[in-house]
There are 2 protein chains.
Amino acid sequence: MFKLPNMSELLYYDLKDAAGVAPGLATQVCRELGRRIVAGHFAEGALIDDENKLCDRFGVSKSVVREAVKLLVGKGLLEVRRGSGTRVRRRASWNLLDDDVLAWHQGIEPRPDFLRQLMDVRQMVEPNAAGWAASSATDVQIDEIRNAQDAMERAVSIQEFVIADALFHRAILRASNNELLTAMEGVIFSALLSSIKITNDDPRDNRERSLPLHREILEAIEANDSDKASSAMCKHMADTYERLSNVLPGFRLKEAERG
Amino acid sequence: MFKLPNMSELLYYDLKDAAGVAPGLATQVCRELGRRIVAGHFAEGALIDDENKLCDRFGVSKSVVREAVKLLVGKGLLEVRRGSGTRVRRRASWNLLDDDVLAWHQGIEPRPDFLRQLMDVRQMVEPNAAGWAASSATDVQIDEIRNAQDAMERAVSIQEFVIADALFHRAILRASNNELLTAMEGVIFSALLSSIKITNDDPRDNRERSLPLHREILEAIEANDSDKASSAMCKHMADTYERLSNVLPGFRLKEAERG
DNA sequence: GCAACTTAAACATCTGATGTTTGCTTTGTC
DNA sequence: GACAAAGCAAACATCAGATGTTTAAGTTGC
C-alpha cells in the first residue's frame with residue numbers, strides 16, 4: 001500500500017529520534033504524498049486527486065486522508081479551497097525548515113543548487129554555534145560533544161561514522177544554548193547527509209581529513225576559546241565545500257561574498 | 001467561543017500573507033490550543049483534556065479536535081499516545097521555527113531571554129543575507145527592497161512604519177536567493193515585532209535612527225557591494241541591540257563572541 | 001453580450017459505531 | 001503477603017455515511 005522510505009530518509013528520522021513509535025495511517029499517507037510532492041511529481045499549482053480518489057488509492061477512510069492533507073497544508077505544501085480542489089503550492093511557500101520536508105528531500109537525488117544553499121546555511125550557522133558553545137556550554141553539554149568525537153574515532157562502519165558526525169554537530173548546536181539554533185538541527189542533518197552521499201566515494205579519505213578538524217573544534221570549545229572554535233569550524237566548512245566542489249560539477253562556491 | 005488573537009499576532013499573520021482566508025474550525029482550535037501551550041498554561045509533560053472534553057469546551061465535533069491535535073503534533077507541541085492521553089512536549093522539542101509557533105509567541109509578553117536568542121539569530125542571518133543579496137539580487141528584487149525603503153520614508157503611522165520595516169528585511173532575505181533563508185522570514189518578523197513592541201516608547205527616535213541605516217544597506221546592495229552591505233547590516237543590528245539593552249534590564253549582549 | 005440563475009464538484013463538519021492500545025485493578029495462586 | 005495473569009476502563013484510531021457550504025462553471029433569458 002505504501003512506498004517505503006529509502007535509507008537516507010530513515011537515517012534522518014533516526015537522528016531526529018522520531019523512530020520507534022509506529023506512525024498512524026494519517027502520518028503514513030502524509031509522508032507518501034509529501035515525498036511525491038517534494039520529488040516534483042506535481043506541477044506548481046496542480047490539483048491533486050480529490051478526497052475520494054485518495055481514499056481509494058490508499059485504501060483508507062476520508063478522515064485519514066483529511067488529516068494527512070491538513071498536515072501537508074500545515075507544512076505549506078498544499079492549499080485547499082472549498083469548491084475547487086486541493087493544489088500544490090509553489091516551492092517558495094513550502095516550510096523548507098520543517099524536518100519532514102527536509103527528510104523527504106533525502107529521498108530524491110540531491111540537486112546541486114539546493115545542496116549549495118544548505119551548505120551556505122551551514123557555513124553561516126555552525127561557526128556561530130561553535131563560538132557560542134565555547135562561551136556558554138555546560139560541562140554536560142561538552143561531554144556530549146566529546147562523546148560524539150569519541151564515537152567518530154571508534155566508528156568501524158560508514159554508517160556509524162556518519163551518525164557520530166551528525167551527533168557531533170547536533171551537540172554543538174545544543175551547546176550554543178540558543179533554542180532557535182537547536183531547532184535548526186534538521187537543516188544541518190540534511191546538508192550533512194546529502195554531502196556524505198555525494199562525497200563518500202573514498203570514505204577513508206573523508207574520515208582521515210575530518211577527524212583532526214573535528215578534534216580542533218572540540219579542543220577550542222573545551223578551552224572556552226570562542227574565536228578559535230569559530231575559526232576551526234570555518235576551516236571544517238571550507239574543507240567540506242572543497243570536497244563537494246571536486247565531486248560535483250554544478251556546485252559552485254560563491255567566493256565573492258566570503259572572501 | 002474562541003479567544004481573539006492580539007494585535008501583534010494579527011500583524012504577524014498579515015506579514016506572512018496568511019490572512020484573507022477564513023480559517024476552518026480545526027485551524028481555530030489548533031491556534032487557541034497552541035496559544036495556551038506557548039503561553040505556558042501547561043506544565044511540561046502535562047496531559048491536556050481528552051478528545052471529548054475538548055469537544056465540549058470548544059463546542060466542536062471529534063473530527064475537528066482530532067485534526068487540531070494532529071496539527072499541534074506536527075509542530076512538535078503535543079505528543080499523543082494511544083491508551084494514555086495527549087501530553088505537552090518539552091519546549092526543546094517544539095518546532096520553534098514554525099511560523100505559527102512564532103506567531104503565538106507574539107501573543108505573550110516577550111521574554112528577554114528568548115528575544116536575545118531571536119536577535120542573535122538575526123545578527124547571524126541578516127548580514128549574510130544582505131551580502132548575498134548584494135551579489136546575486138535581480139533588478140526586480142532590488143526594486144522590492146527600494147519600494148520597502150520608500151514606504152518606510154513615507155510612513156505616517158507607527159504601524160505603517162513597522163510593516164515597511166518588516167517588508168524591507170523580507171525583501172533582502174528573498175533577494176539572497178537562498179530558499180532556506182527565505183523560509184526564515186518568520187524568525188526575522190518575530191524578532192522585529194518583539195523588538196519594536198519593546199523599544200517604541202519613543203517611536204520618532206526609532207525612526208530617525210533607523211532610516212539612514214536602512215538607506216546605507218539599500219545603497220550597498222544597489223552598488224553590488226557585498227562587503228559593504230554586510231557591514232551596513234551589522235551596524236543596523238548593533239544599533240538594535242543597543243536600543244534593546246537600554247530599555248530591557250534582562251537583555252544582555254554576549255560581547256565576548258562578537259568582538 | 002452580459003447578467004442572473006442553476007447545478008455539480010469538492011471540501012467542512014457532524015454523528016455514532018467499532019477497533020486497539022495502554023494502564024490500572026482485580027483476582028487467584030503460592 | 002507477593003506476584004503474576006486476567007479483566008476492565010479510558011483514550012486514541014479508524015471507519016462509514018449524512019448533511020452543510022463554497023466555488024466554479026455552465027445555462028438561460030433579456
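What you see below is based on every heavy atom in this structure, not just the backbone, and it leaves out hydrogens, waters and symmetry mates. Quick note on labels: first sequence line is chain A, next is B, and so on, each numbered from 1.
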Task: Step-by-step side-chain hydrogen bond (donor to acceptor under 3.5 Å, both in side chains) determination, A:Gln149 to A:Glu153 - done: CA-CA 6 Å; A:Gln149 173 76 32; A:Glu153 311 261 7; 2.8 Å; yes
- [ ] Give A:Ser63 one of three labels, base, sugar-phosphate or nothing, depending on what nucleic acid heavy atoms sit under 4.0 Å from its own.
- [x] base
Open item on the list: What is the distance, to the nearest angstrom, from the CG atom on A:Asn52 to the C1' atom on C:dA12?
Closed with: 13 Å
Task: Boundaries of the DNA chain D segment in contact with chain B, non-hydrogen, under 4.0 Å - done: D:dA10 to D:dT14
Task: Length of the CG-P vector between A:Asp49 and C:dA10, whole Å - done: 10 Å
Task: Interatomic distance, B:Leu25 CG vs C:dT13 C1' [rounded to whole Å] - done: 7 Å
Task: Salt bridge B:Arg146-B:Asp143, side-chain N to carboxylate O under 4.0 Å - done: yes
Task: Atom pair distance, as rounded to whole Å: CZ in B:Arg66 and P in C:dT15 - done: 16 Å
Open item on the list: In this structure, how many angstroms lie between the C1' atom of C:dT21 and the CD atom of B:Glu51, rounded?
Closed with: 14 Å
Task: Separation of C:dC24 C1' from B:Leu47 CG (nearest whole Å) - done: 15 Å
TODO: Using distance alone, with no hydrogens and no angle criterion, decide if B:Arg66 and B:Ser63 have a side-chain donor and acceptor under 3.5 Å apart.
DONE: no
- [ ] Could you say whether A:Gly24 or A:Ser84 is positioned toward the 5' end of DNA chain D, judged by the nucleotide with the nearest heavy atom to each?
- [x] A:Gly24
Task: Lys/Arg-Asp/Glu bridge criterion (N-O < 4.0 Å) met for A:Glu32, A:Arg35 - done: yes
Task: Basic-acidic side-chain contact under 4.0 Å: B:Arg116, B:Asp120 - done: yes
Task: Gap between atoms CD and P, on A:Glu67 and C:dA12 respectively (whole Å) - done: 13 Å
Open item on the list: I'd like to know if A:Glu185 pairs up with A:Arg174 as an ion pair, taking the criterion as any Lys NZ or Arg NE/NH1/NH2 lying under 4.0 Å from an Asp or Glu carboxylate oxygen.
Closed with: yes
Open item on the list: From NZ of A:Lys62 over to P of C:dA12, roughly how many Å is that when rounded to an integer?
Closed with: 12 Å
